[in-house]
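One structure below.
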Amino acid sequence: MPDRRQLRTWGYWAALLVGAFVVAYAGRFLAYGPIGRGLGQGFRVSVMTADAALAAALALTLAVLMYRNMDEFGQQASRVAWYWGCGFGLVAALPLYMFVVTGGLGLVEGVSATHLAPAEAQARASIFRLGFLMPLVMQAAGFAVVRTWWSLSKR
Amino acid sequence: MKNRLKVLRAERNWSQADLAVRLDVSRQSVNAIETGKYDPSLPLAFKIARLFGQPIEAIFVNGEG
């Protein structure tokens, strides 16, 4: 028989999955459904951005609840995994990043970007750079903020 | 850190799950502490000591020095 903590964990995961589905579906329905179609790009951008913010709030809330629900062993495991796992994961992605932005995909058999005009290829490379670097920068910023807060709170 | 948790648990005929419930931690936590793979925090160490009615030093053996 699972204990209360395990049942709460399952409950939080269920809430996360159901919540994510509802938020994603509601946002897309509003933005691209009968209402959104007639209201233009500005409306769709606003709705999808607000939808993403709502999803982030839901994820953060459940992350806090899940973390508090863990015992100290689980919390320590999460901290270690996030610190070392994410750290090494990001660093390990750097060679892949360099491979893509220097045109490596064009050298891979079956993947050819030669049909793209130079401007289009450059634009795609820029988008890839942004998509790769943004999470990196945001994670580093988040780490710096929390680390500073933690040090200051211990004075 | 070496400890006598397994011995104390066995004296009372408790399973790891029984001890986990009494300490309000997971069974994995109990197993990790017993095998010396994880050192409990001070609050948890005090909780363990209170549960078994013994001082912390009688349960956990510091290998240093």
Side-chain angles (χ1 to χ4, degrees), chain A residues 1-20 58-92 139 142-155, chain B:
Chain A
M1 176 66 184
D3 60 19
R4 288 178 293 119
R5 180 175 276 124
Q6 185 64 49
L7 290 172
R8 273 201 298 269
T9 300
W10 291 345
Y12 292 143
W13 275 111
L16 182 65
L17 290 170
V18 170
L58 174 68
L60 283 170
T61 301
L62 286 169
V64 169
L65 290 172
M66 284 181 181
Y67 185 80
R68 286 183 177 171
N69 185 52
M70 293 180 202
D71 66 358
E72 61 176 60
F73 181 75
Q75 289 179 352
Q76 176 73 351
S78 289
R79 287 194 295 268
V80 169
W82 274 108
Y83 187 89
W84 294 109
C86 285
F88 278 116
L90 282 170
V91 168
Q139 281 192 281
F143 174 87
V145 167
V146 175
R147 184 65 178 86
T148 302
W149 163 80
W150 192 90
S151 296
L152 292 174
S153 70
K154 302 303 176 203
R155 287 186 182 176
Chain B
M1 184 179 285
K2 289 183 181 174
N3 58 79
R4 298 177 51 241
L5 208 62
K6 193 173 182 178
V7 169
L8 293 169
R9 179 171 63 79
E11 286 173 359
R12 289 153 180 79
N13 230 13
W14 292 343
S15 66
Q16 284 186 341
D18 292 332
L19 180 55
V21 167
R22 285 173 166 81
L23 294 174
D24 194 25
V25 296
S26 63
R27 194 200 58 77
Q28 288 82 3
S29 303
V30 171
N31 183 63
I33 295 171
E34 283 187 0
T35 56
K37 300 268 177 60
Y38 174 75
D39 294 333
S41 67
L42 265 180
L44 182 55
F46 273 109
K47 206 172 182 180
I48 293 170
R50 264 197 311 274
L51 180 67
F52 290 112
Q54 297 192 12
I56 290 181
E57 296 85 351
I59 301 176
F60 294 95
V61 180
N62 188 358
E64 297 167 358

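Note that these values count all heavy atoms, side chains included, but never hydrogens, waters or copies made by symmetry. Naming convention: chains lettered A, B, ... in sequence-line order (proteins, then strands); numbering from 1 in each chain.
One distance of note links CD1 of B/Ile33 with CD of A/Glu72; it measures 6.5 Å at 0.5 Å rounding.
Near-neighbour residues of residues 10-31 of chain B relative to chain A, defined by a heavy atom under 4.5 Å from a heavy atom of that chain, comprise B/Asp24, B/Val25, B/Ser26, B/Gln28, B/Ser29.
Neither the backbone nor the side chain of B/Pro43 comes within contact range of chain A; no heavy atoms are under 4.5 Å apart. With a threshold of 4.5 angstrom between heavy atoms, A/Gln6 does not approach chain B through any atom at all.
Residue A/Tyr67 places its OH atom among more than 12 non-hydrogen atoms of other residues, nucleotides or ligands, all under 6.0 Å distant.
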